[in-house]
Amino acid sequence: MLPPGARASHAIIYNSQFHSHRNHSPMHRWSELFIPTLREAPADAEVASHKFLVRAGYIRQLAAGIYSYLFLGNRSFNKIMAIVRQEMDRIGQEFFLPALHPREIWEASGRWALMGDNLFRLKDRKGADMCLGMTEEEVMTEIARKELRSYKQLPQIWYQIATKFRDEPRPRSGLLRVRQFMMKDAYSFDIDAAGLDVSYKKHYETYCRIFDRCGLKYMVVEADSGAMGGKESHEFMVRTPAGEDQIVSCDGCNYAANMEKATSKLEAVADLAAEGDGTPLLVHTPGQKTIEDVAKFLGVSPKNKIKTLALMADETDAAGKKKSRAIVVLMRGDHQLNEAKLNATVAVATRPMEETEIERLFNSPAGYLGPLGIEWAKDLKRDVDQPMLLVDKALEGRANLIGGANKKDYHLKNLTPGKNFQPTAYADLRSVTAGEACPNCGKALRIDTAVEVGHIFKLGYRYSESMGARVLDKNGKEVTPIMGCYGIGIERILTAAVEQSNDENGFWLPPAIAPFEIVVSATNVKDEKVKSAAEDIAKQLETAGFDVILDDRDERPGVKFKDADLVGIPFRITVGKKVTEDTVEVVLRSTREMRDVRITAVVEYFQELLGRTS
RNA sequence: CGGGGCGUAGCGCAGCCUGGUAGCGCACCUGCCUUGGGCGCAGGGGGUCGUAGGUUCAAAUCCUAUCGCCCCGACCA
């Protein structure tokens, strides 16, 4: 824009200066770029990806769980997003939706209340409630509700890549759990379940292509779709100790599942013989409260003991009244309760009961609670007041177990589920442990920590129903479209890649997502021969389509090598003394493999190495 | 939200217990030197000690409050 009164000739001069400046350096020269590498990582960084992304000058923290992405980081993210976009465009259409949402649509879906403090909330100047989007089901469904009229418009797959906000209770591990992040989220709308199957499968395959192209070693696991309904769900996981999720998998077959979903085959346990007349028998167990203590005291295995857990579900009903429902869970003595499974079973969050509550509700001291003499709910319906008795499937069919007697210092023998007491329901509530038998093939299961980079699941009708999306089917009948939703964490792809490939000196990224593919390090820029050879090689590679950065800084070679090792670029070309023999060194960062290549053959070398033709 | 820890220069830290001149390494600037793994020498710049209040002749240091950040737990498409 010209300032008022300026003559056009000035503008021409400004313009030409501007252009000459840009034309002067089409190449990426390290000396002119902002790549703030650090010798030391910030003290509060714990995981490798956090340390290295900061040290390599990819990211800087602005606040807890909020990061600025600098030049290198941004380049890498752009490459990741380009891959995601390219693959998603094969099956769907890209949108760009608002991050700022009115309260109303979240009310309509029921998530305004459900999301609690995880949702960033704010008011506009008129005092109207707004929030920052954490996912876009509401907005997408709102569009579908208003615009989709006929089955002829289905199926639809709509996606976007955008910033999401979550007020995480505890941001951590650098970019692994943050409050603002980029996500590709996609939503499918189909006329029926068979259509959803197709959309789901398309995403499954697309995700595989995306993660393959990003160079990740990932696995796909069966996942829990949560209490929100939805039938099928898969997570795309990258194994790393820095991860926050636990996955169960089998090396013997392809079984793999999220901890919340995983099951195993249990070895049969020998039941105890009935004692006395076979009816529940009171035994004195003075001071023995824990499973271990009681089992030892009575000389039996914890496997023949019932673990009794007392829980409370606090709910607020439609009228805003607080209501608590007691839930008692029986597990085999040596088993662990899986809270996610419990939540999925009872469709409500629970907390451990307080000792005073146990005493008040069951007239039993904590530590001696047992299933007898209490009137349990008959089924899982939620509108009754009786406590629920949930019994883990591992106890189904067992007999003569030992459990609490609801009396201090006493336990009961001869307890048989279904005979002496009637559970509200049997359910799989147990956490799998490593080494148990695979439910498919029987081999030992392993448990690993992993990072979730993608998640696909069949939403069903939850949003389309609650928000009132309807289309007419072939017969002119109004039907609710069925939805799927599909997410990919952009930052997590980079993070997982760093976690996957690093050593004490730094990390290396797959070429497809690295900010640059090749760094050309001129060992000594004061040496004209070295300098011009390096420039020349970088230019040739760039012309051939490679993403190159020229390290032309006036620094000692050691500094450049250290930086090159640190910043994630997979290949380095060292231009040094050997230029007099028309030779440079190519170094593979991952293996440290080094090889002399003739300058005239460098382009060809990389074309072959990266499987690319000019 | 429960438990723990930390806020002193851009980064990493010491000083605090026992109040009295704000320090070290790296980074940064200048000059010389050096050029295949964070080179060397000399000189230099940079800090409201997180913030607010209090105690004291005097506070980075003691007290109170508050904010921020990190870790463990709870939670988590």
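Residue numbers begin at 1 in each chain, while the letters A, B, ... track the order of the sequences.
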Tabulate protein N/O versus nucleotide N/O from nucleotides 69-72 of chain B, keeping only pairs under 3.5 Å, one per line.
| residue | atom | partner | partner atom | Å |
| --- | --- | --- | --- | --- |
| B:C69 | OP1 | A:Ala64 | N | 2.7 |
| B:C69 | O2' | A:Asp44 | OD2 | 3.3 |
| B:C70 | OP1 | A:Gln61 | NE2 | 3.0 |
| B:C72 | OP2 | A:Arg170 | NH1 | 3.0 |
| B:C72 | OP2 | A:Arg170 | NH2 | 2.5 |

For this session: Could you tell me whether the side chain of A:Tyr486 reaches within less than 4.5 Å of the side chain of A:Lys184, counting heavy atoms only?
Result: yes
For this session: Determine the Euclidean distance between corresponding P atoms of B:G40 and B:G23; express it in Å to zero decimal places.
Result: 24 Å
For this session: On RNA chain B, check which nucleotide each of A:Ala41 and A:Val575 is closest to and give me the residue with the more 5' one.
Result: A:Ala41
Problem set entry | Interatomic distance where CD belongs to A:Glu40 and P belongs to B:A14 [whole Å] | 12 Å
For this session: Send over the distance from A:Met237 CE to B:C76 C1', rounded to a whole Å.
Result: 12 Å
Exercise. Should the pair A:Arg179 and A:Phe120 be classed as cation-pi, given the thresholds of under 6.0 Å to the six-membered ring centre and 45° from the axis?
Worked result: no
Problem set entry | Interface residues of residues 522-529 of chain A with RNA chain B (non-hydrogen, below 4.0 angstrom) | A:Thr523, A:Asn524, A:Lys526
Exercise. Which base sits across from B:C69 as a Watson-Crick or G-U pair, both distances under 3.5 Å?
Worked result: B:G5
Polar atom pairs (N or O), protein with nucleotides 6-9 of chain B, under 3.5 Å:
none

Exercise. Should B:G23 form a Watson-Crick or G-U wobble pair with both distances under 3.5 Å, which nucleotide is its partner?
Worked result: B:C13
Exercise. Out of A:Asp503, A:Leu566, A:Val567, which one pairs with A:Arg589 under the side-chain contact (heavy atoms from CB on, under 4.5 Å) rule?
Worked result: A:Asp503
Find every protein N or O atom lying less than 3.5 Å from an N or O atom of nucleotides 42-49 of chain B, and list the pairs.
none

Exercise. Quick one: does A:Ile80's side chain get under 4.5 Å of A:Glu491's, heavy atoms only?
Worked result: no
For this session: Answer yes or no: is there a side-chain heavy-atom contact under 4.5 Å between A:Cys208 and A:Phe236?
Result: yes
For this session: Assess whether atom CZ of A:Arg592 is packed by more than 12 heavy atoms of other residues, nucleotides or ligands within 6.0 Å.
Result: yes
For this session: Report the distance from atom CD of A:Glu168 to atom C1' of B:G73, rounded to the nearest whole Å.
Result: 15 Å
Exercise. Among side-chain atoms of A:Asp185 and A:Thr135, is any donor-acceptor pair under 3.5 angstrom?
Worked result: no
Exercise. Which ones in residues 580-598 of chain A lie close to RNA chain B, meaning a heavy atom under 4.0 Å from one of its atoms?
Worked result: A:Glu585
Exercise. Contact class for A:Arg492 vs. all strands (heavy atom < 4.0 Å): base, sugar-phosphate, or nothing?
Worked result: nothing
Seminar exercise, completed: Value for CZ (A:Arg177) from CZ (A:Arg492), rounded to nearest 0.5 Å, stands at 5.5 Å
Exercise. Considering only the C1' atoms, how many Å lie between B:U66 and B:G7, rounded to the nearest integer?
Worked result: 14 Å
For this session: Please measure how far the C1' atom in B:A60 lies from the corresponding atom in B:C49, and state the result in whole Å.
Result: 5 Å
Exercise. Tell me: CD1 of A:Ile35 to P of B:G10, nearest whole Å?
Worked result: 22 Å
For this session: Please state the C1' separation for the pair B:C41 and B:A59 - nearest whole angstrom.
Result: 40 Å
Exercise. Under a 4.5 Å cut-off applied to non-hydrogen side-chain atoms, are A:Lys560 and A:Val525 in contact?
Worked result: yes
Problem set entry | Verdict with supporting geometry, A:Glu244 and A:Arg172, salt bridge (charged side-chain N to carboxylate O under 4.0 Å, His left out) | CA-CA 10 Å; A:Glu244 300 183 306; A:Arg172 72 185 107 172; 3.1 Å; yes
Exercise. With distance as the sole criterion, is a donor-acceptor pair present between the side chains of A:Ser49 and A:Glu499 under 3.5 Å?
Worked result: yes
Exercise. How far does the C1' atom of B:U55 sit from the matching atom of B:C11, given to the nearest Å?
Worked result: 35 Å
Problem set entry | Rounded C1' spacing from B:C28 to B:G47 in Å | 15 Å
For this session: Please determine if A:Arg121 and A:Asp129 form a salt bridge, counting it only when a charged side-chain N lies under 4.0 Å from a carboxylate O.
Result: no
For this session: Check A:Val586, A:Val548, A:Asp551 against A:Ile573 for a side-chain contact (heavy atoms from CB on, under 4.5 Å) and give me the one that passes.
Result: A:Val586
Exercise. Taking the inter-plane angle between the rings of A:Tyr67 and A:His50 on a 0 to 90° scale, is it parallel (under 30°), tilted (30 to 60°) or perpendicular (over 60°)?
Worked result: perpendicular
Seminar exercise, completed: The Watson-Crick or G-U wobble partner of B:U64, with both key distances under 3.5 Å, is B:A52
Exercise. With side chains defined as the heavy atoms from C-beta onward, is the minimum distance between A:Val451 and A:Thr495 less than 4.5 Å?
Worked result: no
Problem set entry | Over all atoms of both residues, closest heavy-atom pair of A:Ile105 and A:Val139 | CD1-CG2, 3.7 Å
For this session: Take atom CD of A:Glu339 and atom C1' of B:G73, then tell me their distance rounded to the nearest Å.
Result: 11 Å
For this session: Using heavy atoms and a sub-4.0 Å distance, could you list which residues of residues 557-572 of chain A are near RNA chain B? By number, please.
Result: A:Pro557, A:Gly558, A:Val559, A:Phe561, A:Lys562, A:Asp563, A:Asp565, A:Arg572
Exercise. What's the NZ-C1' distance between A:Lys531 and B:U35, to the nearest Å?
Worked result: 15 Å
Problem set entry | Complementary nucleotide for B:G40 - Watson-Crick or wobble, under 3.5 Å | B:C32
Problem set entry | P atoms of B:C13 and B:C1, separation to the nearest Å | 28 Å
For this session: Please work out if A:Lys577 contacts a base, only the sugar-phosphate, or nothing of the nucleic acid, heavy-atom cut-off 4.0 Å.
Result: base
For this session: Rounded to the nearest angstrom, tell me the gap between atom CG in A:Leu38 and atom P in B:G12.
Result: 8 Å
For this session: Compare all side-chain heavy atoms of A:Tyr207 with those of A:His234 and state whether any distance is below 4.5 angstrom.
Result: no
For this session: Under 4.0 Å between any heavy atoms, over every strand shown, what does A:Pro169 touch: base, sugar-phosphate, or nothing? Just pick one.
Result: base
For this session: Using a 4.0 Å heavy-atom cut-off across all strands, classify A:Tyr486 as base, sugar-phosphate, or nothing.
Result: nothing
For this session: In whole angstrom, give me the gap between the C1' atoms of B:G20 and B:G5.
Result: 30 Å
For this session: Take the protein atom CZ of A:Arg556 and the nucleotide atom P of B:U34, then report the distance between them rounded to whole Å.
Result: 10 Å
For this session: Give one of base, sugar-phosphate or nothing for A:Gly576, where a contact means two heavy atoms less than 4.0 Å apart.
Result: base
